[in-house]
Structures are given as structure tokens and as C-alpha cells.
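Below is one structure; the comments refer to it alone.
Every value quoted in this text rests on a predicted model; they were computed, and no experiment measured them. To find a chain, count down the sequence lines: A is the first, B the second, and so on, and within it residues start at 1.
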Amino acid sequence: MALDLSGLNPDQRAAVLTTEGPLLVLAGAGSGKTRVITHRVVYLLERGVAPGNIVALSFTNKAADEMRERLQKMTGKAVADSLVLGTFHSVGAAMMREQPDHFGVPKKFGILDQGDVYGLVRAVLRDLGLHGQGAERRFDLGAIVQRISLWKNDFVSPADAQGLYFETEYDEAAAAVYGPYEERLRALGAVDFDDLIVRIATTLEENAAARAYWQDKFRYLMVDEYQDTNRAQLEVVRRLAGERENVCVVGDDDQAIYGWRGAKVANILGFDMYFKRARTIKLEQNYRSYAPICTCANAVIARNTSRHEKQLVPQRRGGDKVTVVVAPDGDQEARWIGRTIFREVRENGTKPEDIAVLYRSAKQCDAIEALLQEHGLAYRILGGQAFYDKKQVKDALAYLKVMIAPKDDLATRRALDVPSRGVGLKTIEHLSEFARHRNLSLAEAIHRSDEIADIPSRAAAGLRSFSAAVKRAQAHFYASGSAVAPLQGLLEGVGLREYVLKEAGSEAAATARWDGVVWLLEALGRFEQRGRARGQVRYNDFFQVMNANKDKDEGDEEDAARGKITLSTLHSAKGLEWPLVLLIGCEEGVMPHKRVSAPRISDAIAGDLEEERRLFYVGITRARDRLFITRAATRLERGAQVPRKPSRFLDDLPEAEIRVHDIARDERLGHDNIASMAEAFLANLAKGL
DNA sequence: CTTGCTCTAGTTAGG
DNA sequence: CTAGAGCAAG
């Protein structure tokens, strides 16, 4: 297999062929970045580098999987699978598992997920008496968790944190929690996600033997989406690279949109400060979008000051102007979007999977979702609260765990809680104590609850029926070998379905919520089927998938998207592209988001206007053929119709490349604002009747 | 312990 | 306007 580089442009080829020394590849949107990375790996292999000596780090499992898939096609499965290819976290975890002593972890260490971390922090807050002590002392757990995470990734120790100057009570609370939190982690023999990176960095710094071992093993490093790295990740890269500095990082500073998560754009902006011999290659040819889209994108991003100067040079000629759509109000904006998509699909024959609606914040999709439903169009939603993350689905999942993994006390507690059955905090305390004394799980304690004194009769009755329902479901499960029907029975039996339907405000909401549970049951069925085909069903894997990766169950991106319009937050849209893109709600306060200009005290990181602009840029550059940017002149906000200012980013669009479509004016609904609003009002009335 | 009322806040997300 | 949380009453 000889590597064919003829399909690459000179810059791409240079990026592939520069294998020695530090290299920064600035890959503009749609510049063929993935091809460069895969070709580069194949080239290294052809030069005789052993696959085990090549490391490619990414941020998401999805990105890592996609890279592995492409490489499998080029090199065959065996070679591709022996590359070290994965997320920072997964590679870090693998290193720690290989040398637990060096990294200071037990042989079998646990990894806490977000929920566990919240639980720990809540417990520490309680210990410190900082929680639930009057209204003024109530903290948003997330804000504290975030601060601790940011400190860890900046190598700020608990002691360091105590010594910092604090502007807010949040910083103080977080500093107080940090130390005890770390102690508890250690006591549990567990690490959190941050440790998977930070511990690698510190150990490689302090332990010469470990450093020598890993530097010898990982001879060629590649990092994708480098603009998203934080301080700890930078240090992992530097310390793995050693003096050899065979580091190739690929990224785009103009698409750095995770500063609020601790990512440092400085890592990519100052790459040659950290790696003095660095060579920089810019990939500026854009193979994705028509010229007007590229021109708009260039004009917008040029307004940012801290960036590597570069352009998108469109390789596709022609194309429509970008359309800016102005609606009189939010409702009409949504209707216009629904109508436009409907026409595209039903009259112009555009494939649904070629259309995306992008927005700044997840809630904006509600209105669009409703309209697509009205038009009978299929869609999928990226970002925002994932399906499996919704309360009902988590509840159902807890019942599944209670049924097949009864030792999971966390799940038992959750299941016990919904629907309410007269069992409260006090009773659970009694149960836990009983369990602790006898070394039982919470579930076992529940089954033997009649042995426990001090349980009120109402709670006792609740526990008895819970216990009976669980036992019945378990028997059914062991007899049938499948969890689907028993779980369904259990959920009905404990009245979860009734509860979910009753809790929801409207009929539509109730159905939507229960659909989440149905979806879980279907996913479980598919999972069992796959497992049986392979010989065994490992439910633990199912829980992992549910916990960690929403897309796993859907298979690959293309399958999941087929036949569906995509609704996505701008953050989740990064890296994707569609022929037709609608970028909606482009108003001040939404984009840029108002929290950038008016931060709250719980915000650990101040918002950044340049980052907001990059977000807008990411949105524009997702479009291949056509781009619509929409906004509303007024919007219903907290019950009142308020005027909205157009996003300042719209001012940056070059007039020659855009066309403005004012819905009120162009549809001859009237020439002045009052008339169009009256029209809109009447239209709303008609809709209501 | 549960229910129902009142208050408050309301970005973005991955392992 | 809503969802989630806190709090007082049954």
C-alpha cells in the first residue's frame, strides 16, 4: 500500500510530510483537516514507525472512533487498532492502569462521573455546614464543582486555593471544599475525570522513570482540536513530547469556543512559545462552502484581535448570497423556519439530513421542534439535555439497575424516590444504617425492612410493595433472560408510568416524556440483541453507554442523521456541515449571550465577546451551499413582548454578500411596524381559534 | 412524608 | 412564561 498524496494541496502535503519536530497546523473550517491527520499517520507508518509509538489525542470518543474507522480503511484493522488513539481521558486512564504505582492510584481505581462528583461536593458542603444554612448560604453545586475543576487543571492545589484572594463567596466555598473533596477521593480509591489528565502531567514531571518510559513509548504525538486544550493538557503534551518534540497539533483558534470550560486559546496562539522550534502551516483552502459564505465568515472573524491571521479561500465558485431574515416576532420567525424547511423538503426535494437549524442556547429549539412536528417532519436534536439525561429516563434506568444490579445503592435510592411512596429521608437513613451494620446493600435492607424498628407504617407499606415489585421483576428477568419486558412490568407495577403522565403539564408533554422511557426500552432491546449475537449481554456496558455516550447507541453519525433534520446548539455543531443551514435568533443578548456583558457571581469564568464571535463564525462555516440567518424584531420574554436588537455580528456581514428578507415587508403585511404587528396579532388569534 | 404554594432564575458541554 | 427549589401546612 503506497500512500497517495496527489489528492492533497501543497499545504496539506507539507503537513503530512513534516514528521519531525513541533508542528502547528492551523486548519481553517472545511480545509480537509481530517484527511491531513489520517494521511500523516499512514505516512509515519510507511516510514517504519511502529503503530504503538504513534499517539493521536482527541477530545471526544466520537472523534476518536471516527479517526479509527478511517484509518482502518487505509491501513487495515490490525494496524489501526494498535495505534494509541483516543481521548486525553481514555489514554490517561490506560496509562494509569498500566502503572498504577507511578501515578499514585490503587490497582483497581474507580472513575467518578459527574453525578458522583456532585454527591461528594454536596456531602462536603454539608460537613462544613455551608449547605442549607439559611437562604444566603445556598450555593449552586455546579459553580463550585466547576471552580474546583478549573483549579485542578491549572495545577492549583487545595493549599494554593486557600491562599488566593477571593472576590465572591463562591470562590471561598469552593476553596474550603477543595481539600476535603480531594481527601475523600483518595479515601474512595477513586479519581475524577480531571485526575485522568492532571495526574499524568504531574507524574511525568516528578517521576523520571515514568517520564522515560512514556517518552520512549509515545514517540510521535498528534493532537486534534488543539484550540480546546487546557493548561493540564498542554503540560501532558509537553512532557510526553520530551526533547524529541515530535508533536503535531491541529486546530483552529477561530473555532475556540470552550474557554468557559477552561480551554486556553493561548495554547494555540502561543504554540511557538511553548515549542521554540515550531513550524506553522496554515490550511486556508476551503472545500466546503460557496464563496459568499466564506466571505461572510472571513469578514466576521476578522474583527477579532487575538488570532492567527488567516482567510478561508473558497474553492467552490458561485452560490447564493447569504439571506438575513427579519421576522416581526419570535413566533413568526419559527413559523417562517418551519414553512421554509417544509417547502424545501416537500417541494424542492431537499433531503432532511441536508438541513440544520442552529442556535445559541438549547431552549431555542423548543419552538422549532413544535413546528416541525406540526409539519410532520422528522428531526433529531444535538446538544442540550440529552434524552437519556432527562429525569424520566434516568428514573427508568435506576429501576433497571435495581432489577439487574441491585448492589447499586445510588440507583436504589433514586428508584425509591419516584414515584413517592411514603419513604423519605428518615426512613432511608434507617435503612442505610441497618445495611451498614450488616454489610448489606440498600436493596437487601429494603427486602428485610420488616426487621427494622422505627419505620412508620406508611413507609413500611411503601417498602413492602417496592420490594415485592422488584422481586417479581427479578424473577421474571432470570426466567426470561431479557430485561425489557420485566422492566416494563416493573415500571407499570410501581406506577412510574402513571406518575410520569400525571406530572407533565400537557398531554403532549406527557407523551414526549413517556416516549423517553419507551426509547430507553427500545435501546435496551437493541443492546441485548447485539450482545446475544456476540455471545453475551453485558449490562454494565449498557450503563456505561447510557452514562457516557449518547451517540453510541445510534451507531455512526450518518445512520443517526438519515432522513432527519438536525436541530443543534452551535457548540454541538462544531465539526459538522450541512448543505442548508439556518442560524436562528441572531439578536443581542442571545448571540452574543447577555451573560458575557452581565456576568453573575456564580460564573467562574467571565464571558468573552471574542469567543461569542467565534461561535457565530462556527455557525456560518457549517453551511455548504445555502445559509439563512434569522432574527426577530420582538420576542416574547417572561410573558411580555419586548423589542430585540439585531446581533452586533450582523453588522460585520459584507452588504454585497447578503440579501435581507423582511418578512413583514416582503409579504406585504404592511409597511410600518404597527401594521405588521397588528397583522401578526391577528395571525396569532386565528391560530388560536 | 407528601402536597401544594411561592419564589427565583433563566448559556454553552465532555470524559 | 416555566421549571426547580424551598417552605409551610396537612
Side-chain angles (χ1 to χ4, degrees), chain A residues 57-64 86-93 111-114 116-117 132 134-135 138 140-142 146 149 153 191-197 225 228 230 233 257-263 330 358-364 366-367 382-386 389-391 416-428 455-462 502-506 509 544 547-551 568-574 585 589-600 602-603 605 607-608 611-612 614-615 618-619 635-642:
Chain A
L57 298 168
S58 61
F59 276 84
T60 64
N61 284 318
K62 195 174 147 214
T87 60
F88 273 93
H89 294 92
S90 68
V91 171
I111 302 172
L112 267 59
D113 68 18
Q114 193 76 340
D116 303 329
V117 169
R138 279 200 302 271
D140 173 13
L141 281 183
Q146 190 190 14
S149 167
N153 281 294
V191 297
D192 61 21
F193 284 123
D194 299 322
D195 286 325
L196 297 176
I197 291 161
E225 303 283 9
D228 293 337
N230 61 27
Q233 285 158 335
I257 54 176
Y258 285 106
W260 52 274
R261 216 166 69 181
L358 308 182
Y359 36 82
R360 170 71 235 260
S361 88
K363 260 203 232 96
Q364 290 173 267
D366 293 350
L382 308 182
Q385 207 180 23
D389 222 12
K390 294 189 172 156
K391 189 174 172 301
L416 212 47
D417 222 34
V418 278
S420 38
R421 44 170 66 81
V423 178
L425 226 62
K426 247 323 195 298
T427 308
I428 290 186
I455 290 189
S457 62
R458 223 160 113 199
K502 187 170 69 82
E503 280 295 283
S506 67
Q544 296 237 300
N547 265 340
N549 205 326
K550 41 192 145 192
D551 296 322
S568 172
T569 59
L570 287 167
H571 284 90
S572 302
K574 193 170 75 160
V590 177
M591 197 162 49
H593 196 274
K594 64 171 173 301
R595 259 171 107 161
V596 169
S597 47
R600 304 183 46 76
S602 59
D603 289 340
I605 288 187
D608 175 355
E611 183 158 309
E612 294 289 306
R614 293 194 287 264
L615 212 38
V618 165
R635 201 177 279 284
L636 206 55
E637 225 172 52
R638 284 183 276 215
Q641 198 76 30
V642 282

Span that lies between the P atom of C/dG4 and that of B/dT11, in whole angstrom = 13 Å
Rounded distance in Å between the P positions of B/dT12 and C/dC1: 22 Å
Which one, [options], comes nearest to the side chain of [X]?
{"X": "A/R638", "options": "B/dG15, B/dG10, B/dG14", "answer": "B/dG10"}
{"X": "A/R261", "options": "B/dG15, B/dA13, B/dT11", "answer": "B/dA13"}
{"X": "A/R595", "options": "B/dA13, B/dG10, B/dG15", "answer": "B/dG10"}
{"X": "A/A362", "options": "B/dT12, B/dG15, B/dA13", "answer": "B/dT12"}

Exercise. Answer whether the closest heavy-atom distance between the side chains of A/M591 and A/L570 falls below 4.5 Å.
Key: yes
Going by heavy atoms in the side chains, are A/H593 and A/L615 under 4.5 Å from each other? no
What is the distance, rounded to the nearest whole Å, between atom [atom1] of [X] and atom [atom2] of [N]?
{"X": "A/E225", "N": "B/dG15", "atom1": "CD", "atom2": "C1'", "value": "15 Å"}
{"X": "A/E637", "N": "B/dT11", "atom1": "CD", "atom2": "C1'", "value": "14 Å"}
{"X": "A/D366", "N": "C/dC1", "atom1": "CG", "atom2": "P", "value": "17 Å"}
{"X": "A/R360", "N": "B/dT12", "atom1": "CZ", "atom2": "P", "value": "7 Å"}
{"X": "A/L382", "N": "B/dG14", "atom1": "CG", "atom2": "C1'", "value": "15 Å"}
{"X": "A/R614", "N": "B/dT12", "atom1": "CZ", "atom2": "P", "value": "18 Å"}
{"X": "A/F88", "N": "B/dG14", "atom1": "CZ", "atom2": "C1'", "value": "13 Å"}
{"X": "A/N230", "N": "B/dA13", "atom1": "CG", "atom2": "C1'", "value": "14 Å"}

Relative to the ring of A/Y258, is the ring of A/H571 parallel (under 30°), tilted (30 to 60°) or perpendicular (over 60°)?
tilted
Could you label the plane-to-plane angle of the A/F59 and A/F88 rings as parallel, tilted or perpendicular, counting under 30° as parallel and over 60° as perpendicular? tilted
Taking 4.0 Å as the cut-off, does a side-chain nitrogen or oxygen of [X] come that near to OP1 or OP2 on [N]?
{"X": "A/N61", "N": "B/dG14", "answer": "no"}
{"X": "A/S572", "N": "B/dA13", "answer": "yes"}
{"X": "A/T569", "N": "B/dA13", "answer": "yes"}

Tightest non-hydrogen contact, residues A/D228 and A/Q233, listed as O-OE1, 3.9 Å
- prompt: Would A/W260 count as stacked on B/dT12 if the rule is ring centres under 5.5 Å and plane angle under 30°?
  reply: yes
Can A/H571 be called stacked on B/dT12 when the rule is centres closer than 5.5 Å and an angle between planes below 30°? no
What does [X] touch in the nucleic acid at a heavy-atom separation under 4.0 angstrom: a base, only the sugar-phosphate, or nothing?
{"X": "A/D194", "value": "base"}
{"X": "A/D603", "value": "base"}
{"X": "A/K363", "value": "sugar-phosphate"}

Side chain A/S572, main chain A/T569, donor-acceptor under 3.5 Å
no
